[in-house]
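Take a look at the structure set out below.
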Amino acid sequence: MNLALKPSTKKIALVDCNNFYISVERVFNPALVNKPVVVLSNNDGCAVARSQEAKDLGIAMGAPYFKLKQKITQYSIEVYSSNYVLYGDMSARVMATLSHFSPDVEVYSIDEAFIDLSWLSGDELKKYATAIRRTIMMWTGIPVSIGIAPTKTLAKVANRVAKRQPQHHGVFVYPHTEPDKKTVLDTIAVEDIWGIGRQYSIWLRSNLINDAFELKNTPEWLIQPKMGIVGIRLLRELNGISCLSLELQPKSKRATCVSGSFSHPIKTLEQMKEAIATHTTSAGAKLRKQKQSTTAITVFILTSKFKDNYYSNSITITLPIATNRTPELINAAIRGLELIYRDGYEYKKAGIICQGLIPQNIRQGNVFLQDYSSDKQQRLMETIDRLNATMGRNTVFWGVSGINKSWIAKRDNLTSRYTTSWSELPIVKASLPSD
DNA sequence: TCTGGGGTCCTAGGACCC
DNA sequence: TCTGGGGTCCTAGGACCC
């Protein structure tokens with residue numbers, strides 16, 4: 001047998017926060033416990049998180065808000081705009097808690113982490129994971145589910161079992177014997193496997209591969225032509241052969257994107273310039289925080305795809321020198337915008353993507369241009385970032401970004417940033433019992 | 001009136017080079 | 001009829017994830 005195909009002996013745990021955004025809202029507003037709650041996407045567009053009670057009422061992931069309004073009134077569903085500052089801060093607390101339990105933590109997303117527990121014996125796993133779960137609840141108030149298996153893909157499967165089957169109390173260890181594995185994999189529909197999305201599940205089902213057990217036993221030659229190397233890896237992971245290792249160092253980003261829908265359509269170039277300049281300003285701040293510079297900037301604009309007269313366009317501007325300075329970025333973005341903007345359309349969304357990111361300390365000189373490194377410009381950017389960090393976002397901004405910003409996204413039901421803003425600390429209202 | 005945002009990886013195909 | 005071969009780099013588009 002090929003050495004690389006040896007079954008994994010690792011014990012990988014996937015720790016996943018239950019209904020994360022909802023759980024965060026509940027930490028700061030316990031009255032929401034046991035009630036149907038929905039959190040909306042940016043611009044209050046559609047439902048991105050639902051409590052179990054809301055799921056039971058048939059609120060689908062991604063359902064547009066305007067289609068939900070009737071149900072929301074009918075069942076008194078609580079609705080919140082997404083509060084990413086608060087969710088990000090609570091996420092960091094959960095991840096910090098995990099690092100007390102394993103030296104090897106891969107933060108996979110805002111609400112999930114893979115951790116290595118390979119040093120534990122099979123018998124100790126359940127007890128240890130239960131302790132993790134209890135500690136996270138105690139320190140942060142967030143409920144989690146934990147699935148443990150020899151590969152990441154199987155840990156995802158185990159996590160699903162932990163979450164769906166209450167008898168396991170939120171912790172499930174993937175079994176060792178073949179019949180037990182079959183029992184678990186039989187319950188996982190093919191579209192619920194990590195890495196199988198809409199297109200692949202349609203194809204798999206048309207080939208009579210309907211669940212994880214059937215996929216596990218499909219020969220590689222059948223999968224390869226359609227799903228390529230990704231499919232082969234997935235198949236092997238299901239068979240206990242590790243193809244995806246733990247990524248302990250966060251990889252530096254290859255691209256950074258800032259985009260957004262408008263509260264109402266933009267119909268003039270002037271307003272669009274404001275929007276693009278605003279997004280570009282955020283992107284610049286992101287790049288500087290990541291200590292990266294960009295070599296190219298893509299501008300894109302589009303109208304609603306749900307309406308007639310659809311128009312979308314994009315353009316990529318290559319920068320003569322990699323930069324993360326807002327004025328240079330805005331110049332390039334506006335230049336791009338002017339090339340793709342057409343009058344007579346109602347634009348619904350716009351954004352920019354910075355690509356070809358490189359570490360900001362590597363500065364590739366261009367012999368035709370003077371190099372501006374480490375001069376007043378650099379100090380100016382640092383000062384602006386510091387002011388905005390300490391005195392609030394947009395304390396200092398560029399005039400071209402506009403002042404009114406009537407197009408800015410809606411967030412009508414926003415909770416406070418309880419953990420990161422002194423002015424928004426939770427208020428405890430105490431009243432003395434009257435006799 | 002109202003349909004998210006920010007990412008990753010992989011592949012195919014074209015341009016270009018020797 | 002014939003159209004080198006091998007390699008790299010870049011880009012666009014598809015599929016997926018949370």
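In the text below, chain A, chain B and the rest are named by the order of the sequence lines, each starting its count at 1. Everything numeric in this text was worked out from a predicted model, so none of it was measured.
Once you apply a 4.0 Å limit to the heavy atoms of chain A, the touched nucleotides of DNA chain B run 5' to 3' over dC2(B) to dT11(B).
For the side-chain hydrogen bond (donor to acceptor under 3.5 Å, both in side chains) with Ser145(A), the qualifying choice from Asn159(A), Asp16(A), Asn18(A) is Asn18(A), the only one to do so. Shown are Tyr345(A), Phe300(A), Tyr341(A); of these, the ring pair (Phe, Tyr, Trp, His ring centres under 6.0 Å) with Tyr311(A) is made only by Tyr345(A).
Among the protein residues, Ile196(A) comes within range of the sugar-phosphate backbone only, with heavy atoms under 4.0 Å from sugar or phosphate atoms but none that close to a base. Contact annotation for Ser82(A): no contact, since no heavy-atom pair falls under 4.0 Å across all strands. Residue-level contact check: Lys307(A) touches the backbone only, with heavy atoms under 4.0 Å from sugar-phosphate atoms and none from bases. Within 4.0 Å (heavy atoms only), Ile193(A) reaches sugar-phosphate atoms of the nucleic acid but no base atom. Across all strands, Phe306(A) comes closer than 4.0 Å to base atoms (heavy-atom distances). Here Gly62(A) lies out of heavy-atom contact (under 4.0 Å) with every strand. Within the nucleic acid shown, Lys305(A) has no heavy atom closer than 4.0 Å to any nucleic acid atom. As judged by a 4.0 angstrom heavy-atom cut-off over every strand, Leu40(A) is placed among residues making no nucleic acid contact. Note on Asp111(A): only backbone sugar-phosphate atoms sit closer than 4.0 angstrom, heavy atoms only; bases stay farther off. Note on Lys67(A): nothing from the nucleic acid sits closer than 4.0 angstrom, heavy atoms only. Counting non-hydrogen atoms under 4.0 angstrom, Asn42(A) reaches the backbone sugars and phosphates but no base.
In this structure, Lys267(A) places its NZ atom where only 12 or fewer heavy-atom neighbours from other residues, nucleotides or ligands lie under 6.0 Å away.
Nucleotides dC16(B) and dG4(C), compared at atom C1', are 16 Å apart to the nearest Å. When the C1' atom is compared between dC2(B) and dC18(C), the two are found 24 Å apart, to the nearest whole Å.
Pair check for dC18(C) finds dG5(B); Watson-Crick or G-U wobble, both atom distances under 3.5 Å.
You'll find the ring centres of Phe101(A) and Trp139(A) outside the 6.0 Å limit. Between Tyr108(A) and Trp194(A), the ring center distance clears the sub-6.0 Å criterion.
In this structure, Ile146(A) CD1 and His169(A) NE2 are separated by 14.0 Å, a value rounded to the nearest 0.5 Å.
Looking only at side-chain heavy atoms (C-beta outward), Val24(A) and Ile142(A) come within less than 4.5 Å of each other.
Residue order along DNA chain B, read from the 5' end via each residue's closest nucleotide, puts Tyr84(A) first among Tyr84(A) and Lys253(A). When each of Lys69(A) and Thr256(A) is assigned the nucleotide of DNA chain B with its nearest heavy atom, Lys69(A) is the one assigned upstream, toward the 5' end.
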